[in-house]
Amino acid sequence: MRKNIVAGNWKMNNNLQEGIALATDLQAALQGKTLQCDVIIGTPFIHLATVAGTIDPRLIGVAAQNCADRASGAFTGEVSAAMVASTGAKYVILGHSERRTYYGETNAILKEKVLLALANDLTPIFCIGEVLDERNAGKHFDVVEKQVAEGLFGLSPADFAKIVIAYEPVWAIGTGKTATTEQAQEMHAFIRKIIAEKYGQSLADGVSILYGGSCNAGNAKELFANPDVDGGLIGGASLSVEKFLPIVEAF
Ligand code: 13P
């Protein structure tokens, strides 16, 4: 079943104490409210166990922002999907453009990460999106299709049905320049169409496709009103309850 989701991606912000305080404050703000979406926070690795152990999973799901492309072993500094799952986190953000750009994550690497996440009962939030030059050259649909096909189309239908997709045009991330509601809907509908072509319409209709990139309290309602936009992956505005709560309440 397709779900509405608002997920925060804290990126590399907040020390442990600040992270616990933010998660606790968010939980207090959500308590007693009837929400029309699931709420997730993506914290740095070191926060996961404490935050997951502190907050009520019925109110807020916890996500890692990455996991390793290997199951275990001599990979110094890496954190496996099994380790993430052992903290109580239920989600993992994979393929964020910052991971692709700064850490060389390719579709082939991401395919391995997705499989390991699923094998450990984590829900991947799989990020895709084009850079500005690609959009200006009219290649944005091709770029996104390749990311989806190479990263995800090896999955069985049952596994694909567990994936959450986040379309984040790279030119909109942290820039204050949001995709227009038409641009977002057009790309989300395209993503759903290619999923339908591969896995059938009913599976495609069940996949949550989130928008990310300078989403905020001012534009969330309009973005989320699109038929193929099922929520948001929120960076900067997820770092304070004051900014994040109105986005959650935009549904
Ligand atoms: P901003 O909301 O800060 O643009 O970041 C979006 C993002 O990258 C979420 O993963």
Side-chain angles (χ1 to χ4, degrees), residues 4-14 18-19 22-23 26 37-45 47-48 60-67 84 89-103 105 110 113-114 117 122-132 134-135 140 143-144 147-148 151 163-181 183-184 187-188 191 208-224 226 229-251:
N4 293 332
I5 298 171
V6 173
N9 175 8
W10 292 0
K11 308 192 179 182
M12 197 174 72
N13 292 293
N14 290 323
E18 290 162 346
L22 176 55
L26 179 63
C37 65
D38 288 359
V39 179
I40 298 168
I41 50 177
T43 81
F45 285 130
H47 301 55
L48 289 175
I60 305 174
V62 178
Q65 299 171 14
N66 181 27
C67 71
V84 169
K90 299 289 182 208
Y91 301 85
V92 58
I93 298 168
L94 291 175
H96 192 280
S97 71
E98 288 146 20
R99 302 286 326 163
R100 292 177 187 262
T101 304
Y102 305 137
Y103 302 98
E105 293 194 1
L110 292 168
K113 294 190 178 198
V114 167
L122 295 170
T123 298
I125 301 174
F126 190 78
C127 303
I128 53 181
E130 80 286 356
V131 301
L132 189 58
E134 291 163 340
R135 177 163 283 265
H140 42 301
V143 169
V144 163
Q147 289 170 335
V148 174
I163 303 285
V164 172
I165 289 180
Y167 169 60
E168 300 203 299
V170 180
W171 47 271
I173 295 177
T175 58
K177 192 171 185 294
T178 318
T180 64
T181 173
Q183 286 171 325
M187 183 58 88
H188 283 229
I191 295 164
S208 297
I209 307 177
L210 316 184
Y211 168 80
S214 299
C215 185
N216 58 42
N219 57 32
K221 223 182 181 65
E222 198 186 339
L223 284 162
F224 298 172
N226 287 295
V229 178
D230 307 309
L233 182 56
I234 319 298
S238 72
L239 295 173
S240 84
V241 174
E242 204 186 9
K243 291 184 177 161
F244 193 55
L245 190 61
I247 304 176
V248 170
E249 292 182 318
F251 274 113

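No experiment lies behind these values; they were computed from the predicted model shown. Positions are given from 1, in the same order as the sequence printed here. As the structure lists them, so they are numbered: ligands from 1, and atoms in each ligand from 1.
Between V143 and Q147, the closest side-chain pair of non-hydrogen atoms falls below 4.5 Å. Looking only at side-chain heavy atoms (C-beta outward), L210 and V229 stay at 4.5 Å or farther from each other.
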Short N or O contacts of ligand 1 with protein, under 3.5 Å, listed by atom name?
residue	atom	partner	partner atom	Å
ligand 1	2 (O)	G235	N	2.9
ligand 1	3 (O)	G236	N	2.8
ligand 1	4 (O)	G174	N	2.6
ligand 1	4 (O)	S214	N	2.8
ligand 1	5 (O)	K11	NZ	3.3
ligand 1	8 (O)	K11	NZ	2.8
ligand 1	8 (O)	H96	NE2	2.7
ligand 1	10 (O)	N9	ND2	3.0
ligand 1	10 (O)	H96	NE2	2.9
ligand 1	10 (O)	E168	OE1	3.2
ligand 1	10 (O)	E168	OE2	2.9

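Partners of N219 according to the side chain to side chain donor-acceptor pair (under 3.5 Å) rule, which considers only residues two or more places apart in sequence or in another chain, are T178, N216.
Y167 and H188 have perpendicular rings, their planes meeting at more than 60° on a 0 to 90° scale where under 30° would count as parallel.
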From CA spacing to verdict: side chain to side chain donor-acceptor pair (under 3.5 Å), W10, Q65:
CA-CA 9 Å; W10 292 0; Q65 299 171 14; over 6 Å; no
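R100 and E105 are not joined by a salt bridge, as no carboxylate oxygen comes within less than 4.0 angstrom of a charged side-chain nitrogen.
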